[in-house]
Amino acid sequence: MLHLQKLAVGISDRAHLAAVQAERAAAHPPLRHLTRHVPKRAPEILAGGSLYWVIAGTMSVRQRIVAIAATRREDGSAACAITLDPTLFHVAARPVRAFQGWRYLAPEQAPPDLAEGGEDAALPPALAEALRALALL
C-alpha cells in the first residue's frame, strides 16, 4: 500500500475543503480530483491508499482513494482523475513544506487518524483547527 500527499491550493481549512468538494461532486459526480500526471505506482495506491491533504502548510486531512484513471480536461489536455471517497478523516497535524504536484507517502510516514470527538471535541472548532495547523493538537 502507498499514499499520496497533495497541497490543497486555495483551501483555508477542513470545512472549506468539504464545501468545495461537495459542490464539485454535485456538479460532476463522482468526487474526483484532477492532476497532471498518472502515478506510476497506481496499483500500490489502489491497494488501500489515501490522499493526504496539506492545507495551509499542514497535513491534517485524508481521504481514501477509490480509483485512478487517465482522462482529459475540458480543453483536451491529458490529466489524471483521482476518484475520492467523500469522507474526510482528521489526522495528527504535521507541518509540510510547499511542493508542486503530488508526492508519494509511505504508510509508516503517514500521520495517524484522530478519533472523531476525541480530545479536541471540547474546544471551539476554530481553536482546534488553529492548534492543529500549528501541530500543537
Side-chain angles (χ1 to χ4, degrees):
M1 177 179 51
L2 190 63
H3 304 294
L4 292 177
Q5 59 181 329
K6 178 122 181 59
L7 298 180
V9 178
I11 302 295
S12 58
D13 57 28
R14 178 183 170 185
H16 186 208
L17 177 64
V20 167
Q21 288 187 345
E23 284 180 29
R24 287 182 186 163
H28 303 287
L31 176 59
R32 300 179 319 153
H33 177 75
L34 292 183
T35 188
R36 178 176 260 156
H37 299 287
V38 177
K40 290 180 170 67
R41 299 174 69 182
E44 292 174 77
I45 295 164
L46 293 172
S50 291
L51 179 59
Y52 284 77
W53 289 106
V54 178
I55 301 171
T58 304
M59 185 183 303
S60 57
V61 176
R62 77 172 177 89
Q63 285 180 284
R64 291 187 181 110
I65 296 174
V66 176
I68 298 174
T71 190
R72 298 243 170 234
R73 295 184 187 271
E74 290 181 10
D75 67 2
S77 62
C80 172
I82 301 172
T83 304
L84 301 168
D85 181 302
T87 306
L88 296 174
F89 296 92
H90 269 138
V91 298
R94 178 176 17 166
V96 176
R97 293 173 64 187
F99 57 90
Q100 289 187 331
W102 47 260
R103 298 285 181 262
Y104 292 115
L105 181 65
E108 61 273 6
Q109 295 173 329
D113 288 354
L114 296 176
E116 287 298 320
E119 63 187 37
D120 66 337
L123 297 175
L127 177 58
E129 196 68 39
L131 291 172
R132 270 192 228 90
L134 294 168
L136 296 173
L137 184 61

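Position 1 is the first residue of the sequence; numbering continues from there.
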For the residue pair S60 and H90, establish whether any side-chain heavy-atom pair is separated by less than 4.5 Å. no

First locate atom CE of M59, then atom NE2 of H3, and finally report the distance between them rounded to the nearest 0.5 Å. 10.0 Å

All heavy atoms of L31 vs all of A25, minimum pair found to be CB-CB, 4.1 Å

Atom CD in Q109, atom CG in L2: separation rounded to 0.5 Å? 9.5 Å

Smallest separation among heavy atoms of H16 and D13, with atom names: N-OD1, 2.8 Å

When you look at I82 and L4, which way does the side chain to side chain contact (heavy atoms under 4.5 Å, CB included) test go after all the steps? CA-CA 10 Å; I82 301 172; L4 292 177; 3.9 Å; yes

Connected via hydrophobic side-chain network under 4.5 Å: L51 and V66: no

Please evaluate residues I65 and T83 with respect to the criterion side chain to side chain contact (heavy atoms under 4.5 Å, CB included), reporting the C-alpha separation (whole Å), side-chain torsions for both, the decisive distance (0.1 Å), and the verdict. CA-CA 6 Å; I65 296 174; T83 304; over 6 Å; no

According to the salt bridge (charged side-chain N to carboxylate O under 4.0 Å, His left out) rule, which pairs have a member within residues 43-64, sequence neighbours left out? R41-E44, R62-D113

Between L34 and R32, does the side chain to side chain contact (heavy atoms under 4.5 Å, CB included) criterion hold? Intermediate values first, please. CA-CA 6 Å; L34 292 183; R32 300 179 319 153; 4.3 Å; yes

Might you point out which heavy atoms bring P111 and V91 nearest each other, and give the distance in Å? CG-CG2, 3.7 Å

Which atom of G48 lies closest to which atom of M1, heavy atoms considered: O-SD, 2.9 Å

Would you find more than 12 non-hydrogen atoms of other residues, nucleotides or ligands less than 6.0 Å from R73 atom CZ? yes

Can you check whether K6 reaches Y52 side chain to side chain, under 4.5 Å on heavy atoms? no

Restricting to pairs with a member in residues 17-27, which pass salt bridge (charged side-chain N to carboxylate O under 4.0 Å, His left out), not counting sequence neighbours? none

Positive for side chain to side chain contact (heavy atoms under 4.5 Å, CB included) with Q5, one of W53, F99, Y104: F99

Does the gap between the ring centers of H33 and W102 come in under 6.0 Å? no

Can you tell me how far apart OG (S77) and CZ (R72) are? Round to the nearest 0.5 Å. 7.5 Å

Shortest non-hydrogen contact from L46 toward A67: CD2-CA, 3.7 Å

Step by step, work out the side chain to side chain contact (heavy atoms under 4.5 Å, CB included) result for Q21 and L88. CA-CA 10 Å; Q21 288 187 345; L88 296 174; 4.0 Å; yes

For A8 and I55, the nearest pair of non-hydrogen atoms, with its separation, is CB-CG1, 3.8 Å

